[in-house]
S.K.: 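Here it is, the structure in full.
Note that the coordinates shown come from a computational prediction; the quantities given were computed from them, not determined experimentally. Hydrogens, waters and symmetry mates are skipped; everything else that's a heavy atom, side chains included, is used. Quick note on labels: first sequence line is chain A, next is B, and so on, each numbered from 1.
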Number of protein chains: 2
Amino acid sequence: MKRIFDVEHFVEELSKNCAITEIKKFKKDEIITTYLIRRSQMFILLKGEAYLARYDSDGNRRIIYYFKKNDVFGEAFYKIHTNRELFVVAKKDCEVLMLPYDTIESCNKDCIFHITLLKNLPDLILNRVADINYRTELLTNKSIKGKLLSYLNNLSIETNSKKVEIPISLSELADYLVIDRTAMMKQLKKLQDDKIISKNKNKITILKDDILNGV
Amino acid sequence: MKRIFDVEHFVEELSKNCAITEIKKFKKDEIITTYLIRRSQMFILLKGEAYLARYDSDGNRRIIYYFKKNDVFGEAFYKIHTNRELFVVAKKDCEVLMLPYDTIESCNKDCIFHITLLKNLPDLILNRVADINYRTELLTNKSIKGKLLSYLNNLSIETNSKKVEIPISLSELADYLVIDRTAMMKQLKKLQDDKIISKNKNKITILKDDILNGV
DNA sequence: ATGTTTTTGTGGTATTTACAACAGATTTTT
DNA sequence: AAAAATCTGTTGTAAATACCACAAAAACAT
């Protein structure tokens with residue numbers, strides 16, 4: 001497994017050397033940024049959790065992504081061609097590193113902070129891309145059963161174990177897979193009835209060898 | 001709209017100066033690469049069309065992405081944590097630039113080819129990310145109607161016109177939106193009955209002002 | 001030009017899913 | 001420690017969707 005550069009740790013050590021670094025703190029539910037206009041800014045989440053969401057005209061919230069530590073975000077990752085505003089909101093108290101594009105490169109040549117950051121930025125971005133691709137692949141399943149089994153199968157491979165623990169709440173999982181929570185519960189029950197999995201709260205044991213068979 | 005660096009044009013002009021550049025041609029239906037093992041290679045599509053697909057044990061093909069000119073792809077964009085192989089296949093005859101990671105930076109310092117490429121790679125990647133995010137956002141719609149209207153609305157904003165032409169076949173669109181084609185046709189018909197759109201083949205006119213309202 | 005493949009289009013039906021309503025358990029906030 | 005909020009779990013029902021079969025139109029290949 002590829003080791004991920006830990007921005008938080010690195011920032012603590014080196015940010016004092018750099019004059020233009022800006023770290024902002026956000027309380028739960030505060031808006032970190034929006035994607036409506038170009039800001040030529042990138043953000044790296046140092047602490048806490050956040051999500052990217054869209055609010056439709058009925059006030060319904062649709063969550064597009066959950067961001068975790070070391071995740072990179074900002075409007076640079078989006079085409080601005082939509083009339084609905086995207087918000088990044090702090091899910092828990094957050095600490096965010098703000099990176100204006102233009103100054104990323106223009107900082108003092110000897111600034112070890114920016115040199116190191118620049119060197120690691122592509123990896124951070126690629127890591128983020130892998131996350132997005134991973135989710136997209138889950139979403140290319142047409143059925144709830146397919147989404148669930150793909151998700152569980154991936155978890156199982158990642159942890160190299162048939163016993164997996166879903167790291168988010170089942171409510172969030174339903175959001176993440178873009179399915180109705182209660183419909184998901186029914187499928188989870190059916191998977192238990194069919195002896196494909198066993199389950200206790202968010203702890204799930206995969207009982208079959210190739211659960212993706214026939215999905 | 002951001003101008004995209006055209007790799008094909010650039011390659012034609014400069015690749016002769018570089019010894020390690022490799023361009024490969026693929027015939028329709030040939031496999032360009034797989035994502036099962038780490039290859040430390042990145043690919044840029046210069047000509048033609050390709051798609052990323054997964055084949056399940058029943059031999060069913062599930063298309064994850066369609067790649068177009070200037071698109072960057074490779075296993076670097078994926079976590080390798082799945083036991084199902086991903087293939088990139090030429091949809092039409094293709095020309096592909098192959099970039100081994102390690103040599104991207106290690107080529108002769110004066111090689112203008114690699115210097116230019118390196119400078120533009122982040123943009124190419126970000127552009128690809130925007131595409132992926134765009135699709136993910138479409139897929140976060142729970143209903144066929146929502147997916148269709150989001151898609152049409154985006155097309156309309158992009159072209160700044162109420163009359164849009166779907167650039168792919170309706171079959172491919174259904175794949176792209178991960179919905180059954182015939183179910184999609186029914187929704188398209190319903191949208192016409194409800195006077196939200198009018199349609200002739202793949203030419204669609206949006207009749208309402210805010211079609212996303214209530215989606 | 002002719003046969004082949006792909007695409008568009010429609011209708012029927014079984015299945016899946018979303019939605020609503022609710023209650024107890026668990027977690028978080030005050 | 002109490003109150004509030006979130007989460008898990010279940011049920012019933014209406015609505016949406018996938019799947020099947022089929023035919024005409026269009027695009028493509030020989």
Side-chain angles (χ1 to χ4, degrees), chain A residues 27-29 48-49 51 56 58 60-63 66 89-93 138-149 165-194 197-204 214-215, chain B residues 27-29 48-49 51 56 58 60-63 66 89-93 138-149 165-194 197-204 214-215:
Chain A
K27 290 258 169 232
K28 183 170 182 281
D29 296 328
E49 292 174 29
Y51 59 85
D56 68 21
D58 299 343
N60 293 321
R61 185 182 71 180
R62 216 167 73 206
I63 291 180
Y66 292 105
V89 184
K91 195 182 162 205
K92 300 185 176 174
D93 290 5
L138 291 177
L139 296 185
T140 57
N141 283 289
K142 260 187 205 134
S143 68
I144 291 182
K145 188 182 173 189
K147 286 177 175 176
L148 276 174
L149 290 183
E165 189 172 342
I166 300 173
I168 52 180
S169 76
L170 294 181
S171 291
E172 284 176 310
L173 180 60
D175 264 4
Y176 182 72
L177 299 177
V178 194
I179 48 183
D180 179 74
R181 185 187 62 83
T182 64
M184 182 184 84
M185 297 299 280
K186 279 175 188 162
Q187 278 298 334
L188 281 172
K189 201 177 179 185
K190 192 167 179 302
L191 288 172
Q192 291 175 81
D193 291 346
D194 295 348
I197 64 168
S198 70
K199 162 178 179 300
N200 181 271
K201 295 277 173 191
N202 63 339
K203 288 186 179 62
I204 290 179
V215 169
Chain B
K27 292 258 170 233
K28 183 172 184 279
D29 296 329
E49 292 172 31
Y51 58 86
D56 67 22
D58 299 344
N60 293 321
R61 185 183 71 180
R62 217 168 72 205
I63 291 180
Y66 292 106
V89 184
K91 196 184 160 201
K92 301 185 176 174
D93 290 5
L138 290 177
L139 296 186
T140 56
N141 282 289
K142 259 186 207 140
S143 68
I144 292 183
K145 188 182 172 189
K147 286 177 176 176
L148 277 173
L149 291 182
E165 189 172 340
I166 300 174
I168 52 180
S169 76
L170 295 180
S171 292
E172 285 176 310
L173 180 60
D175 265 5
Y176 182 72
L177 299 177
V178 194
I179 48 184
D180 179 73
R181 186 187 61 82
T182 64
M184 183 184 82
M185 298 300 280
K186 279 174 189 161
Q187 277 297 334
L188 281 172
K189 202 176 180 186
K190 193 167 180 301
L191 288 173
Q192 291 174 80
D193 292 345
D194 294 348
I197 64 168
S198 70
K199 161 178 181 301
N200 181 271
K201 296 277 173 194
N202 64 338
K203 288 186 179 60
I204 290 178
V215 169

S.K.: What is the distance from CG of A:Asn141 to P of C:dT16, rounded to the nearest Å?
M.R.: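 Going from A:Asn141 (CG) to C:dT16 (P), I get 15 Å.
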S.K.: Give the nucleotide from the list D:dG9, C:dT17, C:dG11 with an atom nearest to the side chain of B:Thr182.
M.R.: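 When the side chain of B:Thr182 is considered, C:dG11 is the closest of D:dG9, C:dT17, C:dG11.
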S.K.: Can you find a side chain N or O atom of B:Gln187 that sits less than 4.0 Å from OP1 or OP2 on D:dT17?
M.R.: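 Yes, such a contact exists.
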S.K.: Can a donor-acceptor pair under 3.5 Å be found between the side-chain atoms of B:Lys186 and the base atoms of C:dG9?
M.R.: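 Looking at the base of C:dG9, it does not pair with any donor or acceptor on the side chain of B:Lys186 (distance under 3.5 Å).
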S.K.: Could you go through the side-chain contact (heavy atoms from CB on, under 4.5 Å) check for B:Asp175 and B:Tyr66 one step at a time?
M.R.: CA-CA 10 Å; B:Asp175 265 5; B:Tyr66 292 106; 3.7 Å; yes
S.K.: Measure CD1/B:Ile204 against C1'/C:dG9 and give the value in whole Å, please.
M.R.: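 The answer, rounded to whole Å, is 14 Å.
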S.K.: Please report the shortest heavy-atom distance between A:Ile144 and A:Ala183, naming the atom on each side.
M.R.: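 Here A:Ile144 and A:Ala183 meet closest at CD1-CB, 3.7 Å.
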S.K.: State whether A:Ser171 places a side-chain N or O below 4.0 Å from either non-bridging phosphate oxygen (OP1 or OP2) of D:dT6.
M.R.: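 No.
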S.K.: Measure from the side chain of A:Lys142, starting at C-beta and using heavy atoms only, and say which of C:dG11, D:dA18, C:dT8 lies closest.
M.R.: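 Nucleotide nearest to A:Lys142's side chain: D:dA18.
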S.K.: Between D:dT10, C:dT17, D:dG9, which one does the side chain of A:Lys199 approach most closely?
M.R.: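 For the A:Lys199 side chain, the nearest candidate turns out to be D:dG9.
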S.K.: Calculate the interatomic distance between B:Leu188 atom CG and D:dT17 atom P; express it in whole Å.
M.R.: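 Distance check: B:Leu188 CG to D:dT17 P gives 12 Å.
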S.K.: Just to confirm, is there a sub-4.0 Å distance from OP1 or OP2 of D:dT11 to any side-chain nitrogen or oxygen of A:Lys189?
M.R.: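 The answer is yes; a side-chain N or O of A:Lys189 sits under 4.0 Å from OP1 or OP2.
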S.K.: Any donor and acceptor pair, going by atom type alone, linking the side chain of A:Asp93 with main-chain N or O of A:Lys27 inside 3.5 Å?
M.R.: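 The answer is no, because no donor-acceptor pair under 3.5 Å joins these two groups.
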S.K.: Considering residues, nucleotides and ligands other than B:Lys190, do more than 12 of their heavy atoms fall under 6.0 Å from its NZ?
M.R.: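 Check fails, neighbour count at 12 or below.
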S.K.: Just the rounded figure in Å: distance from P of C:dG9 to CG of B:Leu170.
M.R.: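 In whole Å, C:dG9 P and B:Leu170 CG are 6 Å from each other.
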S.K.: Quick one: B:Leu177 CG to D:dA18 C1', roughly how many Å, whole number?
M.R.: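 Distance check: B:Leu177 CG to D:dA18 C1' gives 15 Å.
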